[in-house]
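Everything numeric in this text was worked out from a predicted model, so none of it was measured. All residue numbers in this chain count up from 1 along the given sequence. Numbering of ligands and ligand atoms starts at 1, following listing order.
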Amino acid sequence: MIFCRFSFQDDASNTIRYGLVESHHVKEITPNPFSDFEIIDQEIPFSSVILHAPTLPSKIVGVGLNYKAHAKEMDHPLPEEPVLFLKPSTSLIGPEYYIHYPKMSSRVDYEAELAVVIKKQGKDIPLENVKDYILGYSCFNDITARDLQKMDGQWGRAKSFDTFSAMGPWIITDLDPSNLQIESYLNGELKQSCKTSDMIFDVPTLISFISKVMTLEPGDIITTGTPPGIGPMQRGDSIDIRIEGIGLLRNTVR
Ligand code: MG
């Protein structure tokens, strides 16, 4: 199944709803994909659909340095345990939204990542049960003010500006995340290209590990680290994140 959050043209209420994506249309679901839901039969044609970030998380958990080749690129030894950080829910935007270049920074980077969306509340999830806690997967751009990341030592400021978590276009369920092609394109030019099999800690290991630290809630996002090839974006640039089996997330910087 493919879940999204959407509004649509000619809807006077301008409400954002959860939806189920079918071939040429979206059907609203209620209340949400994290519980038993009802499908409302009206077909809303894709041409009038506006997509938004596909979940409303209580938190976004980031994983640093989770690709072997990226750790090498950053001149870091491979971590022995996952390196975690948080991004605020207020940083989240959907496809086609603008990324705002903050005045405080003069180096803002894209980072293509596979995002995992949590399905139900979980704490201390054993590795073998992780699957039951995953709703699905999406494309994620973990936008980072690289200069502030280096200056601060802590990553809180560098990762948390409004619009610094781009996600979409939707959530795909029933996907094996272990060996997907992940790519980013800056103004159409390929910048990152890797397989998720290059991750140091795979998706089940990450979810189980994170749940030993913090309770995961329905809708929470785990973004699983970026492959090598990160680089800066400028105002006016368009940045695409493409993941095999999921689709394409496009945003523009301004
Ligand atoms: Mg990252």
Margin query: If we count only N and O atoms by modelled type, under 3.5 Å, do the side chains of Q192 and S184 hold a donor and an acceptor together?
Written below: yes
Item checked: Pairs flagged by ring pair (Phe, Tyr, Trp, His ring centres under 6.0 Å) wherever residues 30-49 is involved - sequence neighbours left out -> F3-F37
Item checked: Qualifying ring pair (Phe, Tyr, Trp, His ring centres under 6.0 Å) pairs with a residue from residues 86-127, counting only residues at least two apart or across chains -> H52-Y97
Next item on the list: Give a yes or no on whether a salt bridge exists between K59 and D220, defined as a side-chain N under 4.0 angstrom from a carboxylate O.
Entry: yes
Notebook entry, point to check: Is any side-chain N of the basic residue among K159 and E111 closer than 4.0 Å to the acidic one's carboxylate O?
Noted result: yes
Next item on the list: Just jot down the side-chain hydrogen bond (donor to acceptor under 3.5 Å, both in side chains) partners of D147, sequence neighbours excluded, or say none.
Entry: S105, S106
Margin query: Let's test this: below 2.8 Å, count the protein N/O/S atoms around the Mg ion (ligand 1).
Written below: 3
